[in-house]
Amino acid sequence: PKLPPSVIMACENGTFAMENPVVSPDDKMIAFELWKVAKSDSRELMGIAVIPLNLNNATVIRSLKDGEKVPIVVKGRATGPRWSPDGTRLMYQVTNSDGRRDIWVCGADGKSPINVTKGVGDNFDAEWCPAK
């Protein structure tokens, strides 16, 4: 079926879920958490994915195999992506095994990750400065 022009990604058959989407400052890309939905009560965080923001050609996931095609730039327990004001980097949080969170920054392609908070405290909901 043809999707409405405002749909960026459609996940059918309860395969995946897209959460906390953020559009890049130039409106060309979208970063989001990608969750694999095993059952109605079970989900697995795959990481942060980045896809082109193309309202005329939605990414459609019909099976778990299709989900493998979604480019995950930060794998694992990364959540809450935020674009840098110039769109070249992503900031996100990673939950450690003890339940505390660290703030990380990487290139928009996921390369060169840096742990900004280095395990000191519980850090979340960070914003770039100057904030948009």
Side-chain angles (χ1 to χ4, degrees):
K2 185 163 172 54
L3 297 169
S6 61
V7 173
I8 297 162
M9 188 167 117
C11 301
E12 299 177 353
N13 304 319
T15 52
F16 288 88
M18 172 185 181
E19 293 192 10
N20 296 317
V22 288
V23 176
S24 63
D26 64 3
D27 295 328
K28 292 183 179 179
M29 304 296 283
I30 186 164
F32 54 91
E33 298 167 18
L34 184 65
W35 291 80
K36 183 189 229 178
V37 181
K39 300 175 188 170
S40 61
D41 62 343
S42 174
R43 305 179 334 142
E44 176 187 356
L45 178 59
M46 305 306 293
I48 294 175
V50 176
I51 61 172
L53 181 58
N54 185 344
L55 297 178
N56 297 317
N57 189 19
T59 299
V60 179
I61 299 175
R62 291 190 170 92
S63 68
L64 292 176
K65 189 90 171 151
D66 286 348
E68 294 172 7
K69 299 175 191 171
V70 177
I72 299 173
V73 297
V74 181
K75 295 181 181 185
R77 297 162 31 164
T79 59
R82 301 274 192 274
W83 289 98
S84 62
D86 65 1
T88 61
R89 296 176 289 165
L90 285 169
M91 179 170 39
Y92 54 95
Q93 61 197 30
V94 174
T95 303
N96 302 314
S97 58
D98 65 2
R100 295 187 318 166
R101 294 159 284 195
D102 276 322
I103 302 298
W104 287 73
V105 173
C106 67
D109 58 3
K111 294 182 180 172
S112 303
I114 298 169
N115 183 339
V116 179
T117 55
K118 299 180 176 148
V120 177
D122 184 22
N123 305 281
F124 56 96
D125 292 335
E127 291 291 338
W128 289 96
C129 188
K132 285 170 83 176

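Please read these numbers as outputs of a predicted model, since none were measured by experiment. Keep in mind that the numbers below use all heavy atoms, side chains included, and drop hydrogens, waters and symmetry copies.
- Among all heavy-atom pairs drawn from Pro25 and Trp83, the shortest one is CD-CB, 3.7 Å.
- When all heavy atoms are compared, the tightest approach of Leu34 to Ala49 is CB-CB, 4.5 Å.
- With a 4.5 Å cut-off on side-chain heavy atoms, Ile30 and Met18 count as touching.
- Formation of a donor-acceptor pair under 3.5 Å by the Asp122 side chain with backbone atoms of Arg101 is found in this model.
- Taking each heavy atom of Trp35 and Glu19 in turn, the nearest pair found is NE1-OE1, 3.8 Å.
- Taking the side chain as every heavy atom from C-beta outward, Val73 and Cys106 never approach each other to under 4.5 Å.
- The closest side-chain heavy-atom distance from Gln93 to Ile103 is below 4.5 Å.
- Counting heavy atoms from C-beta on, the side chains of Pro52 and Met29 come closer than 4.5 Å.
- Remark: Asp98 engages Arg100 in a salt bridge (charged side-chain N to carboxylate O under 4.0 Å, His left out) (not counting sequence neighbours).
- Ion pairing between a basic and an acidic side chain is recognised when a charged N comes within 4.0 Å of a carboxylate O; Glu33 and Arg43 show no such pairing.
- Looking at heavy atoms from C-beta onward, Arg82 lies out of side-chain contact with Asn20 at the 4.5 angstrom threshold.
- Nearest heavy-atom pair across Thr95 and Arg77 is O-NH2, 2.7 Å.
- Minimum heavy-atom separation, Ala108 to Val50: O-CG2, 4.1 Å.
- When all heavy atoms of Phe32 and Ile51 are compared, the pair lying nearest together is CE2-CG1, 3.7 Å.
- Annotation: the span from Ile114 atom CD1 to Met91 atom CE amounts to 12.5 Å, rounded to 0.5 Å.
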